[in-house]
Amino acid sequence: MDNVVVIAGTASNGIAKNVARLIKSELIHIQSKILPDGESYVRIPEEVANKIVVIVQSLYPPQDKHIMELLLMMDAAKGYGAYKIVLVVPYLAYARQDMRFLPGEPVSIELLLRVLHREGAEMIITVDPHKPDSLVAFAGKYVIIKPTKLFADAIKENPNDIVVLAPDGKAIAAAQELSSILKTQYTFVEKERDRATGEIMLKSVRPFDFKNKKVIIIDDIISTGKTMAQAAKFAKENGAGDVIAAATHLITSGECCELMKASGISRIIGTNTIPNDKAELIDISGMIAESILKGL
Ligand code: R5P
């Protein structure tokens, strides 16, 4: 696509390069540095006037720095006279603060999406955002990519040996989708998180016999690993053999992977929306490239 340039932000994690190759467009790497006072600096080193500019920047930690860089890249592209700005944001930060859980809190995801639109993004492509409905706060066009099929391809097991487990109510849709692709059973547990301490408790758990089954726990995000660890413990206590954790976005902060392994999880599978050297990562670039080709 001659009229399209792909700009790789500092948090593209290789996706910009893959996407540019797949859609046959020019790839530009931004120049970036942190100034002595701590501010972010970026520069697009090539002219992008009259082009459709696809900026790829995932918003994984440090989220605020990556958000600021994204805004700076957008302004730099507008400064050249870009025809249209399309954002590829594989991991959309702040998506879990999608309501005022306590008085005085912001609705962070809505604020972020409003700012991105006001600053000139006409379209946003993102992967498995925490609550897809949050995207309605973005006044432009949006595309949501679900990687469930990629997880199904990565799990090459006999369907009769597998049970898919949703570790909380919000993950039931993904568990249903994965189990229907794999043609296997699914079940779920419900969790409660103490908003002050972050501790997780299982609640209203339906009994399920996991005997001789390999359990695939599927979720959108693994952050502290507590959700996965609780669900794995439940599966193990009910007879599960092997337990695999699959989640789109692996933030895996602190001792997350160790906690999950200690709870009996043998494999952690994610996607490359976030770099992670402790897990198996599936490349999401092909699905992003397809949505660009369809959506532009
Ligand atoms: C929350 O509803 C999300 O879908 C995930 O279950 C949650 O973010 C996982 O967090 P953690 O790994 O800290 O338990």
Side-chain angles (χ1 to χ4, degrees), residues 58-63 89-102 105-110 112 126-135 144-148 151 164-179 186-205 215-236 243-271 273-281 284:
S58 201
L59 300 181
Y60 52 78
Q63 295 88 336
V89 181
Y91 173 63
L92 186 58
Y94 287 101
R96 285 176 291 175
Q97 185 67 31
D98 56 7
M99 60 182 280
R100 299 181 210 281
F101 296 97
L102 298 173
E105 289 183 347
V107 185
S108 311
I109 186 59
E110 292 186 1
L112 175 61
T126 190
V127 183
D128 200 6
H130 180 59
K131 194 154 97 196
D133 288 354
S134 307
L135 267 292
I144 291 175
I145 291 171
K146 291 286 288 176
T148 323
F151 285 130
V164 179
L165 172 63
D168 63 21
K170 290 202 192 95
I172 292 176
Q176 279 173 331
E177 197 186 342
L178 182 61
S179 70
Y186 82 91
T187 186
F188 64 93
V189 288
E190 294 267 22
K191 80 169 183 214
E192 207 162 52
R193 190 189 291 268
D194 185 316
R195 294 236 144 239
T197 64
E199 284 315 308
I200 305 271
M201 287 142 288
L202 292 190
K203 57 166 196 178
S204 60
V205 169
V215 178
I216 321 284
I217 313 175
I218 185 152
D219 206 350
D220 58 340
I221 300 173
I222 301 176
S223 181
T224 62
K226 289 178 184 173
T227 302
M228 283 289 180
Q230 284 282 5
K233 215 168 132 234
F234 168 75
K236 282 279 182 188
V243 180
I244 298 176
T248 312
H249 311 291
L250 302 184
I251 301 176
T252 64
S253 23
E255 300 300 298
C256 173
C257 293
E258 291 70 18
L259 175 72
M260 291 203 307
K261 292 267 153 83
S263 69
I265 292 170
S266 62
R267 273 174 82 189
I268 305 171
I269 310 176
T271 74
T273 59
I274 301 179
N276 195 306
D277 56 12
K278 291 183 180 168
E280 300 166 42
L281 297 188
I284 200 83

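Order of listing sets the numbers, starting from 1, for every ligand and every atom in it. Numbers here simply count residues along the sequence, with the first being 1.
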Within the 4.0 Å heavy-atom sphere of ligand 1, strictly under, residues: R96, H130, D168, K170, K191, R193, D219, D220, I221, I222, S223, T224, G225, K226, T227

Straight-line distance of K191 NZ to D219 CG, nearest 0.5 Å: 6.0 Å

Side chains of V127 and H249 in contact at under 4.5 Å (non-hydrogen atoms): yes

Validation row: I218, V164 side chains within 4.5 angstrom (heavy atoms): yes

Nearest non-hydrogen partners of R96 and S223, listed with the distance: NH1-CB, 3.6 Å

Student check: side-chain heavy atoms of I268 and M228 closer than 4.5 Å: no

Minimum heavy-atom distance between K236 and V243, given as atom pair plus value: CE-CG2, 4.0 Å

